[in-house]
Amino acid sequence: MEAENLQVEKMRHSLSHVMAAAVRELYPTTTFGIGPAIENGFYYDIDFGESKVSDADLPKIEKKMRGIIARGCEMRAREVSRDEALAWAKENKQVYKEELISELPEGETITFYDLVDPKNGEVLFADLCKGSHVENLKEIGAWKLDRIAGAYWRGDEKREMLTRLYGLAFATQEELEAYLEQQEEAKKRDHRKLGKELDLFCFSDLVGSGLPLFTPRGTILRDMLNELAQGYRVRCGYRKVCIPHIATVDLYKTSGHYQKFPELLKFISQESGDELALKPVNCPHHSQIFASAPRSYKELPVKYLETTMVYRDERKGELGGLSRVRAITQDDSHVFCTEDQVEGVFGELIESAKDLYAKVGMKLTLRLSFRDDGDGYIGDAEMWEKAQTAIERMAKKFEMEYFVGVGEAAMYGPKMDFMAVDALGREWQLATVQLDYAMPTRFGLEYTDADGGKKTPIMIHCALLGAIERFMSIFIEHTAGWFPLWCAPEQVRVLTVNDKAEAYVKEVEKALRGVVLDEPIKNNQLRFEIDRTDDSLGKKIKRATAMKIPVVLIVGEKDAEAREVSVRTRDGEEKVGLDELVGWLVARS
RNA sequence: GCCGUGUUAGCUCAGUUGGUAGAGCAGCCGCCUUGUAAGCGGCAGGUCGUCAGUUCAAGUCUGACACACGGCUCCA
């Protein structure tokens with residue numbers, strides 16, 4: 001397996017050289033950046049200078065590449081000195097290569113790979129490269145050029161914008177096709193497409209980009225997911241609070257967001273001239289509820305819970321569907337507690353996260369998000385050390401497998417981030433539990449301890465869904481829109497065959513009206529519709545299926561006679577007696 | 001923000017070399033009373049993303065803007 005992976009990587013890497021050779025032949029004045037092998041293929045970043053390149057040019061480049069491969073060219077390594085390499089780069093006006101070479105240590109031996117036609121010894125392309133490569137292009141498997149995109153030189157937006165040509169490459173044709181098929185499947189499940197088809201949310205240019213509007217159906221889904229996420233904490237003694245969505249900027253100067261959080265949206269009051277901001281987080285507001293009264297150690301831990309929107313001025317190019325928005329709903333909670341209560345609070349939240357993700361059918365992995373050396377943080381080094389050690393100790397105590405993500409911490413402290421794996425095997429950061437020694441200090445929060453002295457509480461931030469919008473985008477793709485019964489916007493649809501069994505349809509309606517599900521959330525009154533239109537049954541079924549309604553009940557004269565309903569679900573068809581219908585539905589939730 | 005692609009009826013899409021727009025579905029109106037994924041017929045529906053420009057003439061060509069989609073170090 002190892003050897004196979006290595007071979008595929010060699011092949012992908014060699015293909016990037018072949019692509020460069022083809023490009024140079026077609027566009028002689030280009031300057032080359034880097035051309036690595038990647039997960040599903042390869043790319044090359046190229047500066048095309050004056051020439052414009054677009055998707056339409058890909059077939060031309062691909063054809064040229066196939067020609068080079070058909071010639072049976074070889075990849076030959078050649079060692080040169082650093083000075084020789086620099087001279088080569090200068091002579092050929094390869095400024096990017098020159099930059100790369102000049103960064104290599106003095107005296108280092110450098111490898112070049114030549115793409116050579118063995119029949120006449122012609123060198124089609126010579127490139128600075130550490131390898132490794134296939135020996136002969138005959139070893140190359142299945143590949144195709146994929147798309148064209150822009151990429152900053154070395155990923156730095158202050159530097160030149162190069163054109164990146166992406167290619168896909170696999171060992172066999174089957175693997176390439178399987179990959180393309182998987183892409184197709186992902187496209188079919190795309191939450192933006194399903195969001196429209198299932199009537200869950202929409203956008204309006206008048207409202208603005210990155211600002212989703214939820215329809216009645218989408219709102220039900222949101223509410224159900226939120227209820228699930230809040231339920232765990234309500235049962236652990238969290239109490240709901242409610243705050244306004246704006247505050248004076250003084251609040252964020254105190255919290256540090258004004259200085260460290262560029263996405264903060266600010267505005268000036270025409271009335272008072274005050275500078276205000278839309279809340280980018282909820283903790284400062286919540287801290288002021290804690291600060292509103294003298295607190296005793298006896299009432300700790302104080303646990304607040306609120307699902308509410310925060311607003312962030314995200315970079316426009318990064319907005320997309322529900323996964324990246326400017327108005328974000330967090331199922332947020334904040335706990336103010338003593339040092340020795342931290343473990344208990346974390347324990348409850350970890351158990352809740354595990355249970356919630358099991359209920360939605362996603363596997364969890366744990367990332368401990370620690371700080372890096374950047375300056376986007378508040379609080380002193382000692383405090384960070386203490387918090388990070390505590391987080392790691394808890395991961396061990398609760399027997400969670402974890403890895404450490406450096407540079408992933410929040411502004412005010414390290415986080416325990418739960419990564420959920422969806423049906424397509426993709427990993428997403430959703431639930432998060434954060435330990436914060438900084439915010440309480442900045443806000444001067446305190447409580448009176450048993451000895452009468454004042455102490456600073458510790459704050460624990462948590463969101464189990466993370467952002468509801470993001471969670472929904474993933475959940476929609478995870479389920480492909482086939483939501484479990486408990487959270488489906490429309491759980492049951494009754495289809496009449498004709499108008500001759502209306503009396504019986506009314507009986508069924510009455511039975512459904514009495515159905516209340518209690519799992520996984522309590523008091524979940526059944527949501528159902530009755531399709532009495534005079535369309536054919538086939539058409540009604542098609543419509544209900546397109547909306548991915550989990551349970552479809554067909555009720556006609558034959559059913560009335562037998563006092564049953566014809567049930568149609570994704571699993572198939574069956575008959576259920578009217579008397580058993582309620583129990584049948586409850587059992588399926 | 002930057003690079004590339006796109007925007008035609010509520011939705012999915014046609015629209016050849018510039019000659020003032022088409023289909024299917026959905027909608028509405030009839031007929032059909034229908035048994036497990038589209039019954040039949042008719043009607044209505046569009047400043048072709050927006051604003052400029054070129055032209056006798058622009059959905060089609062040019063420019064700007066808006067919005068959407070894909071990408072923006074898996075470090076020779």
Side-chain angles (χ1 to χ4, degrees), chain A residues 9 12-13 16-17 32-43 45-48 52-58 80 82 85 89 94 96-104 108-113 127-132 146-166 183 187 190 192-193 196-197 199 202-210 314-321 495-502 532-547 552-560 566-569 572-574:
Chain A
E9 195 172 326
R12 287 171 177 160
H13 200 172
S16 75
H17 285 239
F32 293 89
I34 56 164
I38 53 171
E39 198 185 309
N40 52 18
F42 58 97
Y43 69 76
D45 285 347
I46 300 167
D47 188 340
F48 281 86
K52 284 259 175 199
V53 180
S54 72
D55 292 329
D57 299 307
L58 288 180
V80 296
R82 190 169 173 278
Q94 292 296 326
Y96 304 110
K97 298 291 180 192
E98 191 182 331
E99 181 180 328
L100 294 171
I101 296 164
S102 63
E103 283 172 14
L104 294 170
E108 179 115 330
T109 332
I110 293 169
T111 333
F112 264 67
Y113 270 86
D127 198 0
L128 164 77
C129 184
K130 73 175 171 193
S132 53
D146 187 25
R147 60 166 161 267
I148 200 157
Y152 293 104
W153 172 234
R154 314 197 99 178
D156 183 346
E157 61 186 277
K158 290 184 187 67
R159 309 238 12 210
E160 299 84 343
M161 168 65 67
L162 307 186
T163 303
R164 177 172 295 181
L165 303 176
Y166 278 101
Q183 295 295 102
K187 230 180 181 176
D190 190 317
R192 290 166 299 203
K193 182 171 172 283
K196 193 180 274 182
E197 286 172 6
D199 189 22
C202 59
F203 290 89
S204 155
D205 286 358
L206 277 177
V207 174
S209 68
E314 300 285 358
R315 285 155 53 113
K316 264 174 114 183
E318 311 218 311
L319 298 172
L495 311 183
T496 60
V497 176
N498 54 37
D499 53 16
K500 290 177 186 145
E502 183 51 29
R532 288 187 167 95
T533 56
D534 59 2
D535 295 313
S536 67
L537 181 61
K539 195 163 181 176
K540 294 187 193 186
I541 289 170
K542 188 173 172 64
R543 211 156 43 207
T545 311
M547 291 304 283
V552 174
L553 304 180
I554 293 158
V555 181
E557 291 165 287
K558 290 179 202 164
D559 306 284
S566 304
V567 182
R568 200 187 145 103
T569 65
E573 296 162 28
E574 59 183 296

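Throughout, a chain's letter reflects where its sequence line sits, starting with A, and its residues are numbered from 1. Only heavy atoms go into these numbers, but all of them, side chains included; no hydrogens, no water, no symmetry mates.
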Contact class for [X] (heavy atom, under 4.0 Å): base, sugar-phosphate, or nothing?
X        : answer
A:Gly321 : sugar-phosphate
A:Thr163 : nothing
A:Glu557 : base
A:Arg568 : base
A:Ile110 : base

With a 3.5 angstrom cut-off on both distances, give the Watson-Crick or G-U wobble partner of [N], or none if there isn't one.
N      : value
B:rG41 : B:rC29
B:rG4  : B:rC69
B:rG63 : B:rC51
B:rG22 : B:rC13

[N] to [M] separation - [atom1] atoms, rounded to the nearest Å:
N      : M      : atom1 : answer
B:rG6  : B:rU17 : P     : 16 Å
B:rC32 : B:rA14 : P     : 39 Å
B:rG49 : B:rU5  : C1'   : 15 Å
B:rU55 : B:rG1  : P     : 34 Å
B:rA9  : B:rG24 : P     : 16 Å
B:rU20 : B:rG59 : C1'   : 10 Å
B:rC65 : B:rG4  : P     : 13 Å
B:rC61 : B:rG19 : C1'   : 15 Å

Which nucleotide in the set [options] lies at the smallest distance from any side-chain heavy atom of [X]?
X        : options                : result
A:Ile554 : B:rU33, B:rG35, B:rA76 : B:rG35
A:Ile34  : B:rC74, B:rG35, B:rA76 : B:rA76
A:Tyr43  : B:rG39, B:rU73, B:rU36 : B:rU73
A:Tyr152 : B:rG1, B:rG71, B:rG35  : B:rG1

Has [X] got a side-chain N or O lying under 4.0 Å from the OP1 or OP2 atom of [N]?
X        : N      : result
A:Lys539 : B:rA26 : yes
A:Ser566 : B:rU36 : no
A:Tyr166 : B:rC74 : no
A:Asn498 : B:rU33 : no
A:Arg192 : B:rC69 : yes

Checking A:Arg568 against A:Thr545: is there a side-chain donor and acceptor pair closer than 3.5 Å? no

Would you kindly say whether A:Tyr152 and A:Arg154 are connected by a side-chain donor-acceptor distance under 3.5 Å? no

Could you state the [atom1]-[atom2] distance from [X] to [N], rounded to the nearest angstrom?
X        : N      : atom1 : atom2 : result
A:Lys540 : B:rG35 : NZ    : P     : 11 Å
A:Asp47  : B:rU73 : CG    : P     : 17 Å
A:Arg147 : B:rC69 : CZ    : P     : 14 Å
A:Lys187 : B:rU12 : NZ    : P     : 13 Å
A:Met161 : B:rC72 : CE    : C1'   : 6 Å
A:Arg82  : B:rA76 : CZ    : P     : 15 Å
A:Asp45  : B:rC72 : CG    : P     : 10 Å
A:Asp535 : B:rC31 : CG    : C1'   : 14 Å

Full working for side-chain hydrogen bond (donor to acceptor under 3.5 Å, both in side chains) between A:Thr533 and A:Arg543: CA-CA 12 Å; A:Thr533 56; A:Arg543 211 156 43 207; 3.2 Å; yes

For atom CD of A:Glu103, decide whether the heavy atoms of other residues, nucleotides or ligands shown that lie under 6.0 angstrom number more than 12. yes

In terms of heavy-atom contacts, does CD of A:Gln94 have more than 12 from other residues, nucleotides or ligands at under 6.0 Å? yes

Pi-cation contact, A:Tyr43 with A:Arg164 (under 6.0 Å, within 45°): yes

Carboxylate-amine/guanidinium proximity below 4.0 Å for A:Lys540 and A:Asp535: no

Of A:Ile101 and A:Asp534, whose nearest nucleotide on RNA chain B comes first from the 5' end? A:Asp534

Could you check A:Val53 against A:Gly556 and say which one's nearest nucleotide on RNA chain B is further toward the 5' end? A:Val53

Considering all heavy atoms of both residues, which atom of A:Ala85 and which atom of A:Ile101 are nearest to each other, and what is their separation? O-CD1, 3.6 Å

